[in-house]
Q: 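The following block contains the structure, expressed as structure tokens.
No hydrogens, no waters, no symmetry mates; every other heavy atom, side chains included, goes into these values. Sequence lines set the chain letters: A, B, ... in the order given, protein chains first and strands last, and positions in each chain run from 1.
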Protein chains: 4
Amino acid sequence: MSEDVPAGWQLDDDRLLRTFTFDDFSEAWAFMSRVALLAERHDHHPDWSNSWNRVDIALWSHDAGGVTERDRRLAGAINALLL
Amino acid sequence: MSEDVPAGWQLDDDRLLRTFTFDDFSEAWAFMSRVALLAERHDHHPDWSNSWNRVDIALWSHDAGGVTERDRRLAGAINALLL
Amino acid sequence: MSEDVPAGWQLDDDRLLRTFTFDDFSEAWAFMSRVALLAERHDHHPDWSNSWNRVDIALWSHDAGGVTERDRRLAGAINALLL
Amino acid sequence: MSEDVPAGWQLDDDRLLRTFTFDDFSEAWAFMSRVALLAERHDHHPDWSNSWNRVDIALWSHDAGGVTERDRRLAGAINALLL
């Protein structure tokens, strides 16, 4: 169902993926700092990478071997940072 | 009772206070970054200040007007970072 | 001279002071994370405090005992984060 | 020459690579926060990824298409964080 994939995310290989691009490293790092707070609050952590102004986030539930409600909730909370 | 004040903290003016000193700003900032994660996880946030290698933390519950169990729990979690 | 004090800052007791207010702790922390990067880049660090959504920054040069060009430069760089 | 590769790093596909493992996300994030400060100080940024307690860092100079002195210097500074 389309509601299974939060806005802006792609479902690929049983993971939710989204790429975020910023003006520079400082902006990208500020975003990552907020995602880190969300991850601790949700007790659910991304697989993610950063290169200068770019942040790639993959969300999946290791124990479930795929995307669960926890991933969709974290993806939604990350989206809310951009509003 | 002595168990009301976590090890290393002082009770002053109805707040739990502790000063942490590090080798440099980078170490102090790493500590602060971990405390920020704890604060979000506990949904309870410190009043704190930093000057170079020094971090001063005050914990109290604004709504209760003093120290509550939430402050003692967060103080204990901050202490655990130093182990 | 008025150009001695960057926009939005106050000169008080030989320090540049400014208070920043955000929507919540996460936004305040993202801002602090960017200021930390600036501080390392400028090799000049603020005296600052945070309480939930509020960040108070004081800039002065310890060795000079007052405000110098280094403080004005860092204040300007912090201001630029808000644009 | 062997001195071209800082201790603990591997040279692979013209990049310096090193994996760091910590006790949990909080420790990994504290380390990343310090590396972010170093990156701004060196004006040279890693390609890096994180998964829970693991941080993978790749250093190379995009403009030079390979490893330069800037990468070795940043690798050395990152190593110094672990001492």
Q: With rounding to the nearest 0.5 angstrom, report the CG to CE distance, Asn50(B) to Met32(C).
A: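 Answer rounded to 0.5 Å: 7.0 Å.
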
Q: For the pair Trp48(C) and Trp29(B), name the ring-plane relationship: parallel under 30°, tilted 30 to 60°, perpendicular over 60°.
A: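 Trp48(C) vs Trp29(B) ring planes: parallel.
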
Q: Would you indicate whether Gln10(C), at its atom CD, is surrounded by more than 12 heavy atoms from other residues, nucleotides or ligands within a distance under 6.0 Å?
A: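 No, CD of Gln10(C) has 12 or fewer neighbouring heavy atoms, counting only those of other groups under 6.0 Å.
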
Q: Quick one: CD on Glu40(C) to CG on Asp24(B), what's the gap to the nearest 0.5 Å?
A: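 Those atoms lie 7.5 Å apart.
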
Q: For the atom pair CG (Asp47(C)) and CZ (Arg54(B)), what is the distance rounded to the nearest 0.5 Å?
A: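 Separation between the atoms: 10.0 Å.
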
Q: Picking from Ser26(B), Ser33(B), Ala39(B), which has the most non-hydrogen pairs under 4.5 angstrom with chain C?
A: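 Looking at each of Ser26(B), Ser33(B), Ala39(B) in turn, Ser33(B) comes out on top.
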
Q: Determine, step by step, whether His62(B) and Ser51(C) satisfy the side-chain contact (heavy atoms from CB on, under 4.5 Å) criterion, reporting the C-alpha distance in whole Å, the side-chain angles of both residues, the deciding distance to 0.1 Å, and the verdict.
A: CA-CA 11 Å; His62(B) 296 237; Ser51(C) 179; 4.3 Å; yes

